[in-house]
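Along the sequence shown, residues are numbered consecutively beginning with 1. As the structure is a prediction and not an experimental result, all values here were calculated from the model.
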Amino acid sequence: MSEYFQLLFSDKHSFSILLYSFIFIVASLFAFNSQKFYDFGKNDKFIPKSFVMLFLILCFFYAFNDVGVDTPHYRTYFDEYKTFQDTSTHFGAVEMGYQYLNILLHYITDNSYTAIVIIRTFQLAILFGAIYLLRDRIHIGFAVMAYVALYYFQSFNLLRSSLAGSLCIFSFALFFKRKYIWAIVSAFLAFEFHKSAIFFLIALFLYSLTYGSFLKKNRKLLIILTVTALFIVLRVGADLITLFLMNDFGGGRYEDYMDNTGTSMGVFVLIQYFPVFAVLYLMRNNKNIEGVRWWNMCFVWGIIGFALAILGYTNGMLTRAAIYFSSSFIFLIPYFIRSAKGIRSYRLYWSIFLLYYMILFIITLGGLYKISGLGPYLLI
């Protein structure tokens, strides 16, 4: 948290920090104004104008900026992949899906700056599409706060994984809506844009396997098995991932992460995920069929996201997979807040999570700012 305030009072970076804080506040205000409701699932009102304005505001500052350590690399990729003859599978090449995307963009423009604007706009539109799909179940204000606090500014630098992340979020929404084929298609597209999205595909497969088996009717056994698997993953997961990287998974692009590992258990991750598991505990007795299905999905995604976040301290490549399991923050908690409308503790929950997302924003932005090259902020 101290990094944020040091930057805030820095002569060189204070404007950028103030601008990003302004974006967070304004986006949150428009998001809260995008929806009015009284009882959960009844008499709710979605306000398209505020939602569209919210998208335009976030899109402007995101699509037209010229910051991020990796941004010049994405422009280089666009200039490199012009025709299908330019595709490459050599050591270190980017995923074929992203190569094809750049080739297709050449039918629209030959300007790399314009191409990045289009990709970023597309990525943000997918994210908003996911929120729109679940607008009747979540509190849009808190959903957008979560995205801006944790992932929006990170996407200024990590374009491919952010694009894959939006597709994974969209896949989660589609899967809950029982649009299974499109959910799988979206997840495979994410994998083609960034190989680390394989973790999301595995989660989708494991959930489908357990949900369609006898475990579907035995939630307690499912919980026990999932938690047991969590401890197994935490014990051997880092070694397995290192083994994959040593065997050329990702074409060598992530091998540098093996030299930048740590032994910390990640206090920030524990603090970040504590409200997630607290919400799951509070919602454990939901008897509604769709409510149970929602809980099961969020529980599995929450466990896997937590495991990857912890393992990220031993293998930095996994930090790029965080957005794939962001449903815990973008969907689960906003669902709980909305469902608590009308109960005595609603205002308390509302205030706690408002403060929670504000703290996450301050910590995340402070930690990302220098390492991701987020400032000074520049427009193209």
If the plane angle is over 60° it's perpendicular, under 30° parallel, otherwise tilted; pick one for Phe142 and Phe32. perpendicular
Do the side chains of Phe353 and Phe336 get nearer than 4.5 Å, heavy atoms only? yes
Does the Lys NZ or Arg CZ of Lys179 fall within the cation-pi geometry relative to Phe175 - under 6.0 Å from the ring centre and within 45° of the axis? no
Taking side chain as C-beta onward, heavy atoms only, is Phe193 less than 4.5 Å from Val94? no
Provide the closest heavy-atom pair for Asn65 versus Phe61 in the form atom of the first, atom of the second, distance. ND2-O, 3.1 Å
Looking only at heavy atoms, what is the nearest atom pair of Ile17 and Leu365, with distance? CD1-CD2, 4.1 Å
Is it the case that Thr83 and Asp86 place a side-chain donor and acceptor less than 3.5 Å from each other? yes
Would you say that Cys168 contacts Ile323 through its side chain, given a criterion of any heavy-atom pair below 4.5 Å between the two side chains? no
So, Tyr100 versus Glu192: side-chain donor-acceptor pair below 3.5 Å or not? no
Test item: Asn296 and Phe299 side chains (from C-beta on) under 4.5 Å apart, heavy atoms: no
Value for CG (Leu163) from CD1 (Ile126), rounded to nearest 0.5 Å, stands at 5.5 Å
Flag the pair Phe122 / Ser166 as yes when at least one side-chain heavy-atom distance between them is below 4.5 Å, and no otherwise. no
What is the ring orientation for Trp301 with Phe200, classed by angle as parallel under 30°, tilted 30 to 60°, or perpendicular over 60°? perpendicular
Minimum heavy-atom separation for Asn33 and Ser50, please, with both atom names. ND2-OG, 3.0 Å
